[in-house]
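Here is the structure we will look at.
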Amino acid sequence: MDRFSVFTSRLVEKSENFTSGHRACQGCAEALAVRLVLKALGRDTIVAMATGCMEIISSPLPLTAWKVPWIHNAFENPAAVISGCESGMKALMRKGRVPKKKINFVGMGGDGATADIGMGPLSGALERGHDMVYVCYDNEAYMNTGIQRSSSTPYGASTTTSPAGTVSFGQQTEKKNLTQIAVAHNIPYVATACPSFPFDLLEKVKKAAALPGPAYIHILSVCPTGWRIQTEDAIKFGRLAVDSCIFPLYEVTHGKYNLNYRPYKKIPVEEYLKGQGRFRHLTDEEISHIQTTVDRDYQKILKRCEED
Amino acid sequence: MPKVRKGVEVSIAIADAVAQADTDVIAAYPITPQTHIVEHLSEIVANGELDAEFVPVDSEHSAMSVCCGSSAVGARTFTSTSSQGLALMSEIFFIAAAMRLPMVMALANRSLSSPLSIWNDHTDTMMVRDAGWVHIFVENGQECYDNIFCSYRMSEDPEVRLPVAINLDGFILTHMIEPIEYEDDETIRKYLPPFTMINALHPDNPVSMGCFGMPEIYTETQMNREHGIRNSYPVILKAWDEWGKLTGRYYRPVETYRADDAEYCIVTMGSYGETAMEVVDTLRAEGEKVGVVKIRLWRPFPYDEIRAALLGKKSLVVIDRAISFGGPGGPVASELRSALYQKKGAPTIVNYVAGLAGRDVSRKDFRNIILEGKEKARRGETEGFTLYGLRG
């Protein structure tokens, strides 16, 4: 029975900790992800957030969309800042200056803040073992500054700094695997999630917060603006990413792999790619190459899950 | 800790003071010549002598980020760095002041690369002069020890809420063994109440910190910062005054030595003050009417005290330990020129830059600088600066 969970939408937390009225684009799946993450965490949470879309859309002085205590400091340091919050609170509670209470310490950043500029601080915080959760909202480029490529941009995607041109097919490099980098830190919990699978996401955030020590959650956050898709299709593309296995949903608990969702029928990656403007220039040959890498990586995950 | 006078390395005394101040979080990354401070602090924490979190971070950038996080939840926070470390954390150094996050830093002043040098001058701290921190310069180990407590008082005052940097000359002070008077814990408790932060991050009172500022509001936030640091001035005076009443050791933003009847003065900042006083004693004995003016508070800049000490003098010989390349001279001289400009009785200012990257400036050198500077002032050679001891 342990392997099964029952999801009932009525049981999902009703209160909103990330309020409406913020300034995200229509169809922003990242804002949806933030909302779901905060539902799972509840009010006893402190968030440190990186500079980026979610920061600027949610905190234009003197307004805020955050109903939990929230701090933004800089682009590359949410992991370090939240580790400071955790250390400070730990000392204050131990010394009896703040009443003891379980508080979730959560760092949040986009893929640029996490995979590129904030890689060092994240690795440091995970290695030091703070009781914290780090959530990466991966929309696969620097969307806030205008869709520039990051190391988390997938192979073949056209961005404003990896544009497809007469002699280039867009991003020349493979997407950096942040989830596996987090796993390499031997921390208690690492998971991938996507707001198109809300129950799975809620469950993982709760688990990450409940386990003592650092946890890392990598959330694929569809960005209609940057991916050049219709705003109403954000959820659909999240599902296509998972169903094509380019973004498998899995978790690693104390080193044990578990595949949370096995697609009923693994769809060709072309179905995920073809509706997106950022991939529209790709030839059959390039798509076939992407299919090869997707299969290769998915097999690796499956093998680990079967072994465990 | 009982009240005791002991011979101790200045870095150790700083660490002991941080422990006596019941600091909650220390986050630091190793860099020479700051290392002894944080090594000793981690030892104190490891031995259970201080109940604190010692966060051994991945870089100075993360050190300052951790400090921001811990200060934001209301924990008493300490860090220490030097040179390249300060340069690396400078982005967050500015943010810490802008977000009004109280903390204390022992800044072991050291030159900046290139060429790589681990020795002392003021190049690092001048880089962050305009960050909005309170900057104190100390002259000896006792002042380092004392100012840890005073700095916490200033920093955590609800009227101030700004980070404070104690600038101490790397090696010249950090690695020096000096007799230092320790105060007993009771005195410290009396002087330094526990830190209570208004609007600290806590789920019971959710606040948003570090928001995004549109052009409509950014200007006002900067004026708020300016008010904050200007308001810190009386708090700083009070913190030093009360410390003086408890311990007998009084501090002022500007301190003078045999300057009242002096015709001209040498102006220093940091550990040079002691050498300058010795040399002035000798010169006085020879009949030179010279005095010493030492700047202890660099930010907020003590305009009134500076003018009170310096207006009416014939000339000033200002020793800087950093160069503002292509600029008006050393930062201290430049500040004095601006503070005294168009004031009645403004002295002629001659600027020397000396002792870069730890090059020794002996008593003989001070004597040369003072006498040569006086002559230059008389001849009206006041443009730019002279790089003292330049070879080749």
Side-chain angles (χ1 to χ4, degrees), chain A residues 17 23 42-49 51 55-92 94-95 97-99 101-105 107 118 120-125 127-128 130, chain B residues 22-27 29 45 50-59 61-77 89 91-92 94-96 98-99 101 103 194-197 199-214 216-218 220-221:
Chain A
N17 296 326
R23 299 168 181 194
R43 288 280 169 93
D44 285 340
T45 297
I46 297 179
V47 173
M49 179 165 259
T51 310
E55 176 254 332
I56 62 141
I57 61 110
S58 67
S59 76
L61 260 178
L63 308 172
T64 182
W66 298 84
K67 286 200 174 174
V68 296
W70 176 91
I71 180 169
H72 158 255
N73 188 281
F75 193 3
E76 62 280 59
N77 67 358
V81 171
I82 202 67
S83 76
C85 294
E86 188 256 3
S87 301
M89 202 58 97
K90 200 154 104 188
L92 291 173
R94 197 172 56 224
K95 290 164 129 173
R97 288 220 299 282
V98 170
K101 182 178 192 172
K102 157 80 178 156
I103 296 175
N104 305 314
F105 295 93
L122 171 64
S123 177
E127 171 269 325
R128 290 193 300 272
H130 298 276
Chain B
D22 195 21
T23 302
D24 299 313
V25 174
I26 301 137
Y29 187 83
V45 173
L50 170 66
D51 187 1
E53 290 293 310
F54 185 89
V55 191
V57 282
D58 47 282
S59 73
H61 194 283
S62 288
M64 189 40 65
S65 304
V66 166
C67 288
C68 285
S70 75
S71 175
V73 299
R76 181 166 286 165
T77 302
M89 71 163 63
E91 183 200 20
I92 313 303
F94 277 72
I95 295 173
M99 288 177 69
L101 294 170
M103 65 184 79
F195 176 28
T196 40
M197 169 112 150
N199 289 335
L201 290 177
H202 193 281
D204 292 350
N205 174 35
V207 292
S208 292
M209 283 189 192
C211 293
F212 168 64
M214 295 285 282
E216 292 80 6
I217 204 162
Y218 184 88
E220 286 68 27
T221 63

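Throughout, a chain's letter reflects where its sequence line sits, starting with A, and its residues are numbered from 1.
Heavy atoms of B/N205 lying under 4.5 Å from chain A are absent altogether. B/T196 does not touch chain A: none of its heavy atoms, backbone or side chain, sits under 4.5 Å away. Contacts of B/I95 with chain A are made by side-chain atoms alone, with heavy-atom separations under 4.5 Å and no backbone atom involved. Heavy-atom distances place the backbone of A/R43, and not its side chain, under 4.5 Å from chain B. Contact of B/H202 with chain A is made through backbone and side chain together, with heavy-atom distances under 4.5 Å. With a 4.5 angstrom heavy-atom cutoff, B/P194 touches chain A only via side-chain atoms. Both the backbone and the side chain of A/S87 come within less than 4.5 Å of a heavy atom of chain B. Only the side chain of A/V98 comes within less than 4.5 Å of a heavy atom of chain B; its backbone N, CA, C and O stay farther away. With a threshold of 4.5 angstrom between heavy atoms, A/P62 approaches chain B through its backbone and through its side chain. Of the two parts of A/I82, neither the backbone nor the side chain holds a non-hydrogen atom closer than 4.5 Å to a non-hydrogen atom of chain B. With a 4.5 angstrom heavy-atom cutoff, A/I46 touches chain B only via side-chain atoms. With a 4.5 angstrom heavy-atom cutoff, B/V73 touches chain A via backbone and side-chain atoms both. Proximity to chain A (any heavy atom under 4.5 Å) is restricted, for B/V207, to the backbone atoms N, CA, C and O.
Side-chain contact check for B/T77 and B/S70: at least one donor-acceptor pair (N or O, by modelled atom type) lies under 3.5 Å.
The residue among A/P121, A/A125, A/S123, A/G84 with the most heavy atom pairs within less than 4.5 Å of chain B is A/G84. Top candidate by heavy-atom pairs under 4.5 Å with chain A, chosen from B/S71, B/P56, B/A27, B/S59, is B/P56. Among B/E91, B/E216, B/M214, the residue with the largest count of heavy-atom pairs under 4.5 Å with chain A is B/E91. The most heavy-atom pairs under 4.5 Å with chain A, out of B/A96, B/S65, B/A75, come from B/S65. Your options are B/M99, B/H61, B/M64, B/R76, and the one with the most heavy-atom pairs under 4.5 Å with chain A is B/H61. Ranked by heavy-atom pairs under 4.5 Å with chain B, the list A/V47, A/D44, A/T51, A/N77 is led by A/N77. Among A/T64, A/L61, A/T45, the residue making the largest number of heavy-atom pairs under 4.5 Å with chain B is A/L61.
Closest of all the heavy-atom pairs between B/L50 and B/T23 is CD1-O, 3.6 Å. Listed here is the closest heavy atom pair of A/W70 and B/C211: CZ3-SG, 4.1 Å. Taking all atoms of both residues into account, the shortest heavy-atom contact from A/R97 to B/D24 is NH2-OD2, 2.6 Å. In plain terms, the two heavy atoms of B/A72 and A/I71 that are nearest each other are CB-CD1, 3.7 Å. A pairwise comparison of heavy atoms in B/V45 and B/A52 identifies CG1-O, 3.5 Å as the closest pair. Residues A/P69 and B/L201 come closest through the heavy atom pair CB-CD2, 3.9 Å.
Listed for the A/H72 side chain is no donor-acceptor partner under 3.5 Å among the backbone atoms of A/M49.
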Test side chain to side chain contact (heavy atoms under 4.5 Å, CB included) on B/Y29 and B/M89 and set out the steps. CA-CA 11 Å; B/Y29 187 83; B/M89 71 163 63; over 6 Å; no
Does the side chain to side chain contact (heavy atoms under 4.5 Å, CB included) test come out yes or no for A/R23 and A/L63, once each step is laid out? CA-CA 11 Å; A/R23 299 168 181 194; A/L63 308 172; 3.8 Å; yes
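Listed by first and then second residue, the salt bridge (Lys or Arg N to Asp or Glu O under 4.0 Å) pairs involving residues 75-91 of chain A are A/E86-A/K90, A/K90-B/E53 (not counting sequence neighbours).
Remark: A/W66 engages A/S58 in a side-chain hydrogen bond (donor to acceptor under 3.5 Å, both in side chains) (not counting sequence neighbours).
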